[in-house]
Trainee: 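Let me give you the structure first, and then I'll get to my questions.
We count ligands from 1, going down the list as the structure has it; atoms in each ligand are counted the same way. Computed from a predicted model, the values in this text were never measured in an experiment.
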Amino acid sequence: MIKTSEIVKRILQHNEGKINSVYFVAAGGSLVDMYVSYYFLQAESTTLTTGWYTSNEFVHVQPKRLGANSIVFVCSHSGSTPESVEAAHVAQQAGAVTVGLTFNAKAELLKYSDEKIVYEWGNEREVVNNPMAIMLDMSAQILAGLEGYDQLPAFRDAFAKIDTIVDNAIDQVQPRTKAFADKYAHEKMFYILGSGPSFGHAYGFAICSLMEMQWLDAAPIHSGEYFHGPFEVTDKNKPYIVLESVGRTRPLDERALKFLHKYAEKVEVVDAKELGLDMIDSKVAEFFNPILFYTILSEYRAKLADKRDHSLDVRRYMGKVPY
Ligand SMILES: N[C@@H]1[C@@H](O)[C@H](O)[C@@H](COP(=O)(O)O)O[C@@H]1O
């Protein structure tokens with residue numbers, strides 16, 4: 001795992017240590033990777049304001065609290081998404097300390113990043129060096145540095161275990177992801193449910209994996225919101241993928257599942273507990289759901305793409321026409 005403690009130490013010296021806000025800014029999959037850090041600070045901090053922004057909104061509407069008291073994380077895999085580069089620029093001009101994460105060592109984004117993190121990518125069995133894990137690790141350290149957080153040892157232990165858990169889970173889901181692809185290859189629309197720290201990946205699987213990479217219709221639904229509108233369309237023909245998290249929001253997923261098992265028939269459950277996440281200390285396990293889900297959902301995505309004979313890399317508009 002990359003050593004982030006020195007970086008965090010420097011960040012916490014910014015503005016003589018007076019920090020009151022942490023913002024997470026990116027687009028698409030990079031934004032999704034930030035959701036858990038945002039969720040973590042929302043849930044655990046007693047003093048910090050935090051926000052999760054799609055880059056272009058941040059460029060057009062900066063939070064009033066943004067300033068020297070702020071830390072702004074900006075992530076861009078390519079490092080060149082214009083609105084993400086501009087978001088970092090805007091944050092830096094406002095006096096915030098900017099932390100840029102990218103896979104591209106020559107990224108434009110790094111020009112406006114006070115702290116530069118070039119992460120590893122590609123080995124789905126080694127997730128601790130991915131941006132999602134790096135930002136979560138840094139968020140926990142930032143919280144500990146600013147107001148104290150007594151779960152840092154549990155976090156460290158969890159990071160030491162997560163690669164093994166993910167590795168085992170990949171093997172465990174091979175038959176079921178294949179069966180999923182066989183069963184759902186001709187579906188045109190999916191609903192993705194999730195809650196708590198995993199809602200980001202419900203959203204990400206819908207917009208990036210299914211809509212962008214498979215040109216399929218999809219909608220994310222927060223498990224808690226399912227009963228406040230979306231359940232009215234439930235029937236035996238509609239496919240649902242439910243991310244069943246470990247942790248405090250699991251009852252929300254269970255409630256939705258109970259209903260779905262009664263009124264729907266096409267329900268795929270991805271259960272973090274069954275996939276081994278309960279090997280992590282229950283005081284912090286919930287924050288590791290998204291790390292597991294991302295890799296497991298990538299297995300689902302790959303099998304579906306194969307079965308549908310629709311490459312994950314083909315685009316109609318992205319990078320091809322002006323927008
Ligand atoms: N599906 C892609 C994402 O994977 C990507 O994250 C995003 C922004 O790109 P970048 O991360 O390079 O800024 O564009 C699309 O949404």
Trainee: How far is atom 7 (C) of ligand 1 from its nearest protein heavy atom, and which residue and atom is that?
Mentor: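 The answer is A27 O, 3.5 Å.
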
Trainee: Return yes if a side-chain donor-acceptor contact under 3.5 Å exists between R301 and S209, otherwise no.
Mentor: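 Their side chains do contain a donor-acceptor pair, which is all the 3.5 Å distance test asks for.
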
Trainee: Side chain or backbone of C208 under 4.0 Å from ligand 1, or both, or neither, by non-hydrogen atoms?
Mentor: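 It is the side chain that gets close, since no backbone atom is under 4.0 Å.
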
Trainee: Checking a contact table here: which protein heavy atom is nearest atom 5 (C) of ligand 1, and how many Å away?
Mentor: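 For atom 5 (C) of ligand 1, the nearest protein heavy atom comes out as G29 N, 3.7 Å.
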
Trainee: Among protein heavy atoms, which lies nearest atom 14 (O) of ligand 1, and at what distance?
Mentor: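 Answer, as residue, atom name and distance: M318 CE, 4.5 Å.
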
Trainee: For H222, does its backbone N or O pair with a side-chain atom of S195 as donor and acceptor, under 3.5 Å?
Mentor: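 Between the backbone of H222 and the side chain of S195 there is no qualifying donor-acceptor contact (under 3.5 Å).
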
Trainee: Is the distance from the ring center of F199 to that of Y203 below 6.0 Å?
Mentor: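 Aromatic pair excluded; centres sit 6.0 Å or further apart.
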
Trainee: Can you tell me which portion of H77 lies within the under-4.0 Å heavy-atom range of ligand 1? Options are side chain, backbone, both, or neither.
Mentor: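 Both backbone and side chain of H77 come within 4.0 Å of ligand 1.
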
Trainee: To the nearest 0.5 Å, what is the distance between CG on L292 and CG on D271?
Mentor: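 It is 9.5 Å, given to the nearest 0.5 Å.
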
Trainee: Indicate whether the side chain of S245 and that of E286 have a donor and an acceptor atom separated by less than 3.5 Å.
Mentor: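 No, no side-chain donor-acceptor contact under 3.5 Å.
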
Trainee: For atom 11 (O) of ligand 1, what is the nearest protein heavy atom, given as residue, atom name and distance?
Mentor: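 Here the nearest protein heavy atom works out to S30 OG, 2.6 Å.
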
Trainee: Run down the list T81, L101, D33 and name the one with the heavy atom closest to atom 9 (O) of ligand 1.
Mentor: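 The nearest heavy atom belongs to T81.
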
Trainee: Check whether the side chains of N130 and E120 place a donor and an acceptor atom closer than 3.5 Å, and report yes or no.
Mentor: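 Side chains of N130 and E120: no pair found under 3.5 Å.
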
Trainee: Relative to atom 15 (C) of ligand 1, which among E212, R315, M211 owns the nearest non-hydrogen atom?
Mentor: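 That would be E212.
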
